[in-house]
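Everything on this sheet refers to the single structure shown next.
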Amino acid sequence: MTTTEPRVLATAAALDFIAEIRLDHPDILFHQSGGCCDGSSPMCYPADDYIVGDNDVKLGEIGGVPVFISASQFEVWKHTQLIIDVVPGRGGMFSLDNGRERRFLTRSRLFGGAVACPLAATSAGA
């Protein structure tokens with residue numbers, strides 16, 4: 001599938017939260033969780049604490065931060081644009097949003113405009 005739409009976007013709230021986290025951890029990355037312990041949350045890690053695998057796919061960047069997903073999960077989501085948002089709650093156990101009383105959440109919509117989940121205003125923020 002070829003598309004000119006970005007594979008990953010972030011809401012304004014997510015971009016603000018990323019900027020806040022980067023005050024403590026300047027070099028971070030996201031990896032879209034595969035659904036084990038922390039559901040399907042986008043996990044935020046210090047870049048030097050996470051080894052990107054040979055089979056991971058880079059979806060793009062949000063707020064200057066790279067976003068990865070496993071190749072097998074990419075196959076399932078390849079027709080979908082992911083939108084990283086923020087909601088109240090606790091982040092994933094090892095994710096940098098944990099303990100901040102807000103957490104990242106992935107919303108999605110099909111490429112071509114069909115909305116799979118309602119969206120707030122979004123920005124590529126690269």
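Here, residue 1 is the first one in the sequence, and each next residue gets the next number. Quick note: numbers below take in every heavy atom, side chains included, and nothing from hydrogens, waters or symmetry partners.
By the ring pair (Phe, Tyr, Trp, His ring centres under 6.0 Å) test, Phe17 is found to be paired with Phe104, residues two or more places apart in sequence or in another chain being considered.
Note that the CG atom of Leu23 and the CD1 atom of Ile18 stand 12.5 Å from one another [nearest 0.5 Å]. Annotation: the span from Thr106 atom OG1 to Gln32 atom CD amounts to 3.5 Å, rounded to 0.5 Å. Note that CE of Met43 is 9.0 Å distant from CG of Leu96, once rounded to the nearest 0.5 Å. One finds the CG atom of Asn55 at 13.0 Å from the CD1 atom of Ile69 (value rounded to the nearest 0.5 Å). Note: Arg107 CZ to Ile84 CD1 = 10.5 Å, rounded to the nearest 0.5 Å. Atom CD1 of residue Ile51 and atom CG of residue Asp56 lie 11.0 Å apart, to the nearest 0.5 angstrom.
Under the 4.5 Å side-chain criterion, counting only non-hydrogen atoms from C-beta, Glu75 is not in contact with Ser72. Under the 4.5 Å side-chain criterion, counting only non-hydrogen atoms from C-beta, Arg109 is in contact with Leu9. Using a 4.5 Å heavy-atom cutoff, the side chains of Arg7 and Trp77 are not in contact. Contact check for Leu59 versus Phe74: side-chain heavy atoms found under the 4.5 Å cut-off. Val67 places none of its side-chain heavy atoms less than 4.5 Å from the side chain of Glu61. Tyr45 places a side-chain heavy atom less than 4.5 Å from the side chain of Phe94.
Summarising the geometry of Cys44 relative to Ser95, their closest heavy-atom pair is N-OG, 2.9 Å, with the distance given to 0.1 Å. Residues His25 and Pro46 come closest through the heavy atom pair ND1-CG, 4.3 Å.
A distance-only check finds no donor-acceptor pair linking the side chain of Gln81 to the backbone of Ser108 [under 3.5 Å]. Not a single donor-acceptor pair under 3.5 Å links the side chain of Arg103 to the backbone N or O of Pro42. With hydrogens and angles disregarded, no donor-acceptor distance shorter than 3.5 Å links the side chain of Ser41 to the backbone of Leu105.
Taking the six-membered ring wherever Trp is involved, the centroid distance between the rings of Tyr50 and His31 falls below 6.0 Å.
Between Thr11 and Asp85, the side chains place a donor N or O and an acceptor N or O closer than 3.5 Å (distance only, hydrogens not considered).
A salt bridge links Arg102 to Glu20: at least one charged side-chain nitrogen sits closer than 4.0 Å to a carboxylate oxygen.
Cluster annotation: Val87 and Leu15 are assigned to distinct hydrophobic clusters (Ile/Leu/Val/Met/Phe/Trp/Tyr, side-chain heavy-atom contacts under 4.5 Å, transitive).
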